[in-house]
Amino acid sequence: MHMPTELCRMKVSELQQRLARRATDDPTHRFSNLYDLLTWPPLLVWAFDTLMTNSGARTAGIDGLDKRTAIKHRDTILADLRTALKQGTYRHQPVRRVYIPKANGKRRPLGIPTLVDRLVQLMVKAILEPIFESDFFPESHGFRPRRSCHTALAHLHLQTGQTQKKLFWTIEGDISGCFDHIQHRCLVRLLKRRIHDRRLLGVIWQMLRAGVMEGSLFAKTAEGTPQGGVVSPLLANIYLHELDRWMHQHYLGLNYREKTKRRKLHLGNAAYVRYADDFVVAWNGPKAGAEQLKAELATFLRDQLGLTLSEEKTRITHISEGYDFLGHTVKQARRSKGGKRALLIYPSKASVMKIKAKIKGMTQRRFSSCDAVENKILALNSVLRGWANYFRYQCANRTFAYIGSYAFTRVQIWLRHKTGQKVSTIYQRYYQQHQGYRTWKQGNVALINLNAVVKLERQRYKGRPNPYLSGTEEVPLALHRTPDARIRDWEGASYYGEDWPEARQLVLERDHHRCRLCGTTERLEVHHIRRYQPGMPHEPKHLITLCKGCHQQMQNPRSAASRAVARIHSAAGEPDASKDARPVRRGA
């Protein structure tokens, strides 16, 4: 299937727009003949190209098929999958079970489907999402296009920030193991409200009942959706949409007269925001009413959805005490100017302790001998900037100053262990001026000052229209790659050793900052002609400057670039004794 990616993207976008328009115009319409879209070539090509741009495509499922092999056999995979879908012989394979650590010390199970199954899941998501986005309520923000944690917090501030509403009591809701306890038959029943295609529902049923492989052991999946699947977040939102519907029917959807009557009877009204399985309900009645509402929520989730509210995490707190939501603390306090009460949102204590533990782990004494100063500062800057970019939409000035001071002190301790020098000597050598402030600096790399580098922005909530009907697209964020891409969570340790930056710079200057093959001066990299092993010295005669494109061609030993580099290396190599004894006679 040789179709331009941009053309396929446009056709898929038009399809999604038509589905969203029909779902919006007729809220009771049930869609049929959707299964045939899974065999539509533009959707297949778009899904494959989109999947290959995802960093998770490098991880293989139980069949061992990874990104590199899939790209090499692209046409064969798409043709075989299209044939299997047309003939109805497609079967979803079990997912590979791995575990990732959680913040509370426990482990979260993660299911990794095969690349082909992820491809089918991505197509199913592309079909279902425009339909159900037309039904979702604005209070839901988790795993939805053009919505994020920041939109959820901004919406929460809009609903509960005004002191006139007197939303003093708050229910911090958390559902225990939500993804793992979704009832399959209940989910399919909810899908049938909009989908009238037995074959498409059959494919989704296969995804739910595929089972898991943990090592060599197979286990059936009687409930839950695998965390790690492409379509799992959408299915969870469809399932939890029933909670949003219940809140609207009983509290949020009341008109002005009904809400006024409830206030006069001291019954109270509610505000509500949900992000995935975490939600907040703000209550303007007495605490007894909040406790009754919590009991009603627990009963509804248990009886209608088969889910359980976490007794450990679901608490009722007063707004003056504050509560945590999405890594932030939401608390009402008096302003320093004027003395009026206002709702403040700032980084939570748990988030601050987590980043401090990360910084402390990166600056331990055991890393002082093998890590270069420049690499350590680059790694810390990457962690600090990423953490600050998440919290920069709320009140974080004081927190940024505190974390910046802590990172500064930890680098000072790390430098003292690395150099073995006194603090005064360290200050003379590394404490320098940089962009208007003084900080630790080595070469052209300096430890960033968060308040000087990261600009705080107040994000106000605005109504989010249906993303498939608004006609606008968001620009994707640019990803910053660390200097050593071999390590996912880079902490400053260089795979090539501490002397690598100096050796790399010498080779670049020797080659006049140009690619030795094509002569370009952009995106330059230094290539090891001989395969590098940790601990080997970096000899300039075994290094060569290449651009990124030529460097990628070096992965194939039979490519023209590999042969050209071999000729350059052999021509520049030092002659051995046999060559000296039999010199080449030029002009013969």
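Note: hydrogens, waters and symmetry copies are ignored here, and every other heavy atom, side chains too, is used. What you see is a predicted model, and the numbers here were worked out from it, not measured in a lab.
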Just jot down the side chain to side chain contact (heavy atoms under 4.5 Å, CB included) partners of [X], sequence neighbours excluded, or say none.
X: Glu133; result: Glu129, Phe136, Arg144, Pro145, Asn466, Pro467, Tyr468
X: Gln304; result: Phe300
X: Phe218; result: Pro94, Met213, Lys220
X: Thr308; result: none

Using the test ring pair (Phe, Tyr, Trp, His ring centres under 6.0 Å), find all partners of [X] that sit at least two apart in sequence or belong to another chain.
X: Phe391; value: His328, Trp387
X: His157; value: none
X: Trp46; value: none
X: Tyr323; value: none

**Request:** Please identify each residue that fulfils side chain to side chain donor-acceptor pair (under 3.5 Å) with Glu6, with sequence neighbours left out.
**Result:** Arg9

[Y] and [X], any side-chain heavy atoms less than 4.5 Å apart:
X: Ile182; Y: Leu235; result: no
X: Lys67; Y: Ile71; result: yes
X: Leu200; Y: Leu128; result: yes
X: Leu301; Y: Trp246; result: no
X: Phe31; Y: Asp197; result: no

**Asked** Hey, what's the ring geometry for Tyr461 with His141, parallel, tilted or perpendicular (30° and 60° as the breaks)?
**Response**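 The rings of Tyr461 and His141 stand perpendicular, inter-plane angle above 60°.
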
**Asked** Under a 4.0 Å N-O cut-off, is there an ion pair linking Asp324 with Lys313?
**Response** no

Side-chain donor/acceptor of [X] to backbone N/O of [Y], under 3.5 Å:
X: Asn284; Y: Asn269; answer: yes
X: Thr151; Y: Ser148; answer: yes
X: Arg74; Y: Val45; answer: no
X: Ser351; Y: Gly327; answer: yes

All pairs passing salt bridge (Lys or Arg N to Asp or Glu O under 4.0 Å) where [range] contributes a residue, at least two apart:
range: residues 242-265; value: Arg193-Glu242, Glu242-Arg245, Asp244-Arg274
range: residues 153-172; value: Glu172-Arg315
range: residues 24-41; value: Asp36-Arg199

**Asked** Is it the case that Asn397 and Tyr346 place a side-chain donor and acceptor less than 3.5 Å from each other?
**Response** no

**Asked** Are Asp66 and Thr69 linked by a side-chain donor-acceptor pair shorter than 3.5 Å?
**Response**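 Present: a donor and an acceptor within the cut-off.
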
**Asked** Where do Thr399 and Leu450 land on the side-chain contact (heavy atoms from CB on, under 4.5 Å) test, with the steps shown first?
**Response** CA-CA 10 Å; Thr399 309; Leu450 291 180; over 6 Å; no

**Request:** Please report the shortest heavy-atom distance between Ile131 and Ala23, naming the atom on each side.
**Result:** O-CB, 3.7 Å

**Message:** Testing the basics here: between Thr160 and Leu343, what is the closest heavy-atom pair and its distance to 0.1 Å?
**Reply:**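 Thr160 and Leu343 have their closest heavy atoms at OG1-CD2, 3.3 Å.
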
**Message:** Quick check for you: to the nearest 0.5 Å, what is the distance between Glu214 atom CD and Arg96 atom CZ?
**Reply:**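 Rounded to the nearest 0.5 Å, the CD-CZ separation comes out at 11.5 Å.
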
